[in-house]
*Asks:* 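Once you've had a glance at the structure underneath, I'll fire off some questions.
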Number of protein chains: 2
Amino acid sequence: MRHTKVKDLLNSTTTLAEVNTKGWVRTFRNNQFIALNDGSTINNIQCVVDFENTPDETLKKITTGAAISVTGSLVESKGAGQKYEIKVSELEILGDSDAEKFPMQPKKHSLEFLRENAHLRVRTNAFGAIMRVRSVLSFAVHSYFQQKGFVYVNTPIITGADAEGAGEMFQVTSLPLDNLPKNEDGNIDYKKDFFGKHTNLTVSGQLEGETFAMALGQIYTFGPTFRAENSNTSRHLAEFWMIEPEVAFNDLNDNMDLAEDFIRYVIKYALDHCADDLKFLESRLLEEEKSKPQAERSEMTLLEKLNFVLENNFKRISYTEAIDILRNSTPNKKKKFQYSIDEWGADLQSEHERYLVEKHFKCPVILFDYPAKIKAFYMRLNEDGKTVRAMDILFPGIGEIVGGSQREERFEVLVEKMKALGISEEELWWYLDTRRFGSAVHSGFGLGFERLVLFVTGMTNIRDVIPFPRTPMNAEF
Amino acid sequence: MRHTKVKDLLNSTTTLAEVNTKGWVRTFRNNQFIALNDGSTINNIQCVVDFENTPDETLKKITTGAAISVTGSLVESKGAGQKYEIKVSELEILGDSDAEKFPMQPKKHSLEFLRENAHLRVRTNAFGAIMRVRSVLSFAVHSYFQQKGFVYVNTPIITGADAEGAGEMFQVTSLPLDNLPKNEDGNIDYKKDFFGKHTNLTVSGQLEGETFAMALGQIYTFGPTFRAENSNTSRHLAEFWMIEPEVAFNDLNDNMDLAEDFIRYVIKYALDHCADDLKFLESRLLEEEKSKPQAERSEMTLLEKLNFVLENNFKRISYTEAIDILRNSTPNKKKKFQYSIDEWGADLQSEHERYLVEKHFKCPVILFDYPAKIKAFYMRLNEDGKTVRAMDILFPGIGEIVGGSQREERFEVLVEKMKALGISEEELWWYLDTRRFGSAVHSGFGLGFERLVLFVTGMTNIRDVIPFPRTPMNAEF
């Protein structure tokens with residue numbers, strides 16, 4: 001007979017005379033009670049074995065991690081905690097699991113140990129929940145944009161453009177490194193490389209995305225991006241997934257409205273579709289924080305925090321207002337900031353962002369109109385000649401989750417800016433074409449997907465919300 | 001006032017006293033009729049200008065490619081071909097477009113010319129339609145799997161594994177190629193590379209996907225994959241998007257059922273959601289085929305072909321049966337095949353696949369149970385000891401669109417196979433763990449997304465169904 005998923009059995013509205021299900025043993029108690037999980041839900045189904053009529057040889061193989069097939073009747077459970085259980089009539093060991101060797105023992109493992117076993121950690125409650133929430137959030141992203149008529153665009157991963165300017169790049173090559181071809185000048189002959197030129201992994205699909213927005217109106221990307229930066233922090237990955245919408249005719253206010261509406265939608269979607277997983281992750285977080293001093297514990301539980309974002313508008317303030325607040329803040333006056341804020345024009349550090357979000361406003365904050373000098377070349381210059389129409393969205397515990405801007409749509413202003421920064425007009429001829437032919441006001445932003453998953457799952461290290469993290473010195477699996 | 005999208009105006013159920021819309025001029029006739037497009041639909045809205053009361057300076061700037069904002073009333077159109085048009089009261093040029101310089105003239109351009117202008121070709125009817133269909137197909141992929149409870153998994157793009165075995169790989173490095181660090185032996189010191197080892201771009205997420213399927217039950221990937229192969233054909237890209245579902249407890253028959261059901265769902269979804277775009281692409285194809293001799297034209301129109309796939313089961317035959325058919329086929333007997341089919345065990349070439357699909361069966365074909373020798377190490381060995389539980393799905397005009405298999409779940413058999421092929425057990429320790437701990441029957445397949453888009457759009461060159469194609473000697477943009 002066809003097997004039924006554990007989730008469907010647990011959601012059954014009636015007892016059933018005969019069912020079959022397959023999954024992995026989480027625990028086996030008293031030679032009688034199997035907690036069986038198949039990944040369809042965080043919840044296990046209890047399978048009650050008739051141990052007196054089951055061969056010892058089989059019982060011995062019902063160990064944590066073993067794959068089994070169970071046939072029996074779905075009956076009301078006498079035990080607490082579940083409505084139904086399976087009264088087992090037939091049990092088959094599909095694949096055993098040596099209890100002494102299986103790394104995922106039914107006990108608490110350190111997150112570091114689990115990272116080293118990224119191929120198996122997904123068999124734990126926490127990582128099963130995280131990966132299901134991640135998947136549902138991905139779908140929420142697509143659902144939001146598709147409903148609104150945005151076109152999903154796969155911008156290139158391998159890029160010939162060096163000028164994206166968002167960070168250090170990885171080189172991509174098919175040349176043999178131990179026997180590099182040289183040209184007459186003695187330099188590496190990239191004409192012999194696969195693409196006939198020097199190529200890198202993309203750091204952003206924005207520039208290509210803009211060319212599509214200027215034809216299709218509303219587009220979004222959602223794909224991997226890369227940074228070859230030696231940042232060994234809990235907030236950075238060398239390979240991460242980014243969402244980049246770009247909308248023709250949107251100004252910066254429209255852009256902020258879009259970002260806020262989008263973030264609320266995906267969080268609401270997760271709350272609606274991942275209730276069991278989020279409840280588990282909430283209790284996990286409470287448990288984890290018990291070991292922390294009271295002052296460092298979260299003021300809100302995970303679900304309270306997610307609902308808070310749904311119910312409260314993000315605070316929008318200009319960079320200039322933020323500098324005033326920071327300059328007059330207690331930590332600045334008492335010299336508690338590592339980088340003290342003295343002048344307009346200073347780049348904000350993580351400590352300043354956290355102060356604004358976590359201490360001053362106690363809610364997500366959108367900062368806008370940054371000094372031109374600390375932002376990218378493509379951002380629209382304001383009439384004041386010194387600020388640009390940039391915006392960053394800052395989240396409690398996460399820091400920057402969104403960075404965006406209204407783009408400079410004026411050809412001459414853009415070219416002048418590129419010249420001043422030494423960015424090659426020849427290399428970006430195609431980008432400039434969007435301003436040569438039918439240019440218009442447009443805006444967009446980038447959202448680091450893993451930071452969103454961090455926020456929604458309540459995890460604290462970004463390596464724990466992506467299946468196989470890529471960080472300095474680590475590309476295992 | 002807030003602007004309204006062209007699609008929404010054309011779908012209006014009533015005339016409207018005042019509307020504003022923004023978009024790009026496709027054509028301007030008689031100093032009076034603007035065909036305006038904003039990418040929300042393939043259809044233009046006609047905007048009727050009161051040229052007697054519009055300054056010459058403005059009229060001159062209403063050229064193909066210009067971005068404009070139009071305010072006026074939505075009235076019933078007297079002309080043929082549209083229900084509504086805008087009677088313009090106010091017109092603003094947002095960004096002009098020099099009629100002599102704008103590359104996308106209102107005339108037929110060669111596909112090759114359009115490829116060189118991939119950043120602008122999306123402003124044409126055909127490429128607007130293709131990119132919208134591609135986007136809708138992407139969403140159909142996610143919708144199908146999410147509805148069925150599959151978990152979306154982002155397998156790594158940068159991989160330390162050399163053994164995926166699906167093709168030539170690109171190297172990823174942060175080492176300075178003009179000053180490579182060497183170790184004591186004089187070899188390149190990869191310990192100094194970003195990840196502390198030699199890394200490549202992934203050719204498949206299958207192996208990592210399997211580890212997740214053995215925990216979450218049903219998973220799928222949908223992300224970019226790479227081949228550093230010098231294949232300058234109309235069917236190959238160096239960078240393409242692949243969909244790879246993997247399902248625990250599925251055997252090869254379940255796998256074939258899943259693939260067939262999945263393909264039908266996404267094609268149906270496109271038919272339901274892209275009617276206007278597909279109608280246009282159908283007429284484009286008819287037009288294109290007019291220049292071909294009768295014998296080379298398609299027997300069915302695009303929509304007939306798509307509906308045929310919905311309404312007819314794929315023909316399933318074993319490799320052995322296929323060899324019999326091919327051996328006895330007229331082209332084989334008349335030595336018309338470049339590679340004649342003499343013996344069981346021969347690898348099938350494109351010409352053989354096309355014969356089976358396009359001449360013999362005239363429908364999609366699933367071939368299964370291939371000789372072990374011509375297939376990958378991870379495919380399950382049949383009891384006959386010489387064939388494996390592999391399957392390929394072949395489509396008319398496209399060739400192989402899906403390749404999949406039931407995986408070898410038996411630890412000893414898998415290890416023996418790896419040894420015979422010289423695949424390092426140490427490197428794939430984590431993959432082998434899935435067979436060490438709770439192994440079970442499981443299956444999956446890979447579908448090249450661009451080949452699906454080719455089939456659905458009726459295009460013939462794969463470079464025309466991805467925004468910015470990456471091929472040998474070409475990584476522009």
Side-chain angles (χ1 to χ4, degrees), chain A residues 3 22 24 38-40 65-67 94-95 97 102 119 122-123 131-132 135 138-139 142 146 149 151-154 156-158 160 170-174 177-178 188 194-196 199 208 211-212 215-217 224 228 239 241 249 430 433 437-440 467-468 470 472-477, chain B residues 3 22 24 38-40 65-67 94-95 97 102 119 122-123 131-132 135 138-139 142 146 149 151-154 156-158 160 170-174 177-178 188 194-196 199 208 211-212 215-217 224 228 239 241 249 430 433 437-440 467-468 470 472-477:
Chain A
H3 69 279
K22 295 174 179 176
W24 293 270
D38 69 354
S40 62
L94 302 174
S97 172
F102 184 52
H119 64 307
V122 65
R123 298 193 191 185
M131 295 307 161
R132 278 186 299 269
S135 169
S138 291
F139 190 60
H142 286 292
Q146 298 265 343
V151 178
Y152 179 46
V153 177
N154 294 126
I157 309 298
I158 298 172
F170 287 104
Q171 182 169 358
V172 175
T173 182
S174 68
L177 262 55
D178 50 10
I188 296 163
F194 190 90
F195 297 106
T199 51
E208 291 91 351
T211 71
F212 269 52
L216 300 172
E239 172 182 316
W241 285 65
F249 316 122
W430 50 273
D433 269 2
F437 307 112
S439 186
F468 298 93
R470 296 295 180 242
M473 303 308 282
N474 179 29
E476 192 64 49
F477 312 106
Chain B
H3 69 278
K22 296 175 179 177
W24 294 269
D38 69 353
S40 62
L94 302 173
S97 172
F102 184 53
H119 63 307
V122 65
R123 298 192 191 185
M131 294 308 160
R132 277 186 299 269
S135 169
S138 291
F139 190 60
H142 286 291
Q146 297 266 345
V151 178
Y152 179 47
V153 178
N154 294 125
I157 309 299
I158 299 172
F170 287 104
Q171 182 168 358
V172 175
T173 182
S174 67
L177 262 56
D178 51 9
I188 296 163
F194 190 90
F195 298 107
T199 51
E208 291 91 351
T211 71
F212 268 52
L216 300 173
E239 172 181 317
W241 285 65
F249 316 122
W430 50 273
D433 268 3
F437 306 113
S439 188
F468 297 95
R470 296 294 181 243
M473 304 307 282
N474 178 30
E476 192 63 51
F477 311 106

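These values consider heavy atoms only, across backbone and side chains, with no hydrogens, waters or symmetry-generated copies.
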*Asks:* Taking B/Ala67, B/Gly196, B/Ala215 one by one, which has the highest count of heavy-atom pairs under 4.5 Å against chain A?
*Replies:* B/Ala215
*Asks:* Non-hydrogen atoms of chain A under 4.5 Å away: do they reach the side chain of B/Ile188, the backbone, both or neither?
*Replies:*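 Only the side chain of B/Ile188 comes within 4.5 Å of chain A.
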*Asks:* First locate atom CZ of B/Phe477, then atom NE2 of B/His119, and finally report the distance between them rounded to the nearest 0.5 Å.
*Replies:*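 One finds 5.5 Å between CZ of B/Phe477 and NE2 of B/His119.
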*Asks:* Contact part of A/Pro467 toward chain B, heavy-atom cut-off under 4.5 Å: side chain, backbone, both or neither?
*Replies:*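 Interface part for A/Pro467: both.
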*Asks:* Check whether B/Trp430 gets within reach of chain A through its side chain, its backbone, both or neither, counting any heavy atom under 4.5 Å.
*Replies:*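 Both backbone and side chain.
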*Asks:* When heavy-atom pairs shorter than 4.5 Å are enumerated against chain B, which of A/Ile158, A/Val153, A/Asn474, A/Val151 gives the highest number?
*Replies:* A/Ile158
*Asks:* Does any backbone or side-chain atom of B/Glu239 lie under 4.5 Å from a heavy atom of chain A? Answer side chain, backbone, both or neither.
*Replies:* side chain
*Asks:* Output, in order, the C-alpha distance, side-chain angles, deciding distance and verdict of ring-ring contact (aromatic ring centres under 6.0 Å, His included) for A/Phe195 and B/Phe170.
*Replies:* CA-CA 11 Å; A/Phe195 297 106; B/Phe170 287 104; 5.5 Å; yes
*Asks:* Contact part of B/Gln171 toward chain A, heavy-atom cut-off under 4.5 Å: side chain, backbone, both or neither?
*Replies:* both
*Asks:* Who among A/Ser174, A/Ala440, A/Pro224 has the most heavy-atom pairs with chain B under 4.5 Å?
*Replies:* A/Pro224
*Asks:* Which one wins on heavy-atom pair count under 4.5 Å against chain B: A/Ser135, A/Ser40, A/Gly95?
*Replies:* A/Ser135
*Asks:* Highest number of heavy-atom pairs under 4.5 Å with chain A: which of B/Val172, B/Thr211, B/Ile157?
*Replies:*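 When all of B/Val172, B/Thr211, B/Ile157 are compared, B/Ile157 has the most.
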*Asks:* Relative to chain A, which of B/Gly160, B/Ala228, B/Ser138, B/Gly149 shows the most heavy atom pairs under 4.5 Å?
*Replies:* B/Ala228
*Asks:* Over all heavy atoms of both residues, which pair between B/Ser97 and A/Gly438 is shortest? Give the atoms and the distance, please.
*Replies:*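 Looking at all heavy atoms of both residues, the shortest contact is CB-N, 3.9 Å.
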*Asks:* Which value, rounded to the nearest 0.5 Å, describes the distance between B/Leu94 atom CG and B/Lys22 atom NZ?
*Replies:* 6.5 Å
*Asks:* Of the backbone (N, CA, C, O) and the side chain (C-beta and beyond), which part of B/Pro472 lies under 4.5 Å from a heavy atom of chain A, both, or neither?
*Replies:*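 Both parts, backbone and side chain.
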*Asks:* Please identify, among B/His3, B/Arg132, B/Arg123, the residue contributing the most non-hydrogen atom pairs under 4.5 Å to chain A.
*Replies:* B/Arg123
*Asks:* Taking A/Ala475, A/Ala66, A/Gly65 one by one, which has the highest count of heavy-atom pairs under 4.5 Å against chain B?
*Replies:* A/Ala475
*Asks:* Mind ranking B/Trp24, B/Phe468, B/Tyr152 by heavy-atom pairs under 4.5 Å with chain A and telling me who comes out on top?
*Replies:* B/Trp24
*Asks:* Which bit of A/Thr199 is near chain B, if near means a heavy-atom gap under 4.5 Å: side chain, backbone, both or neither?
*Replies:* side chain
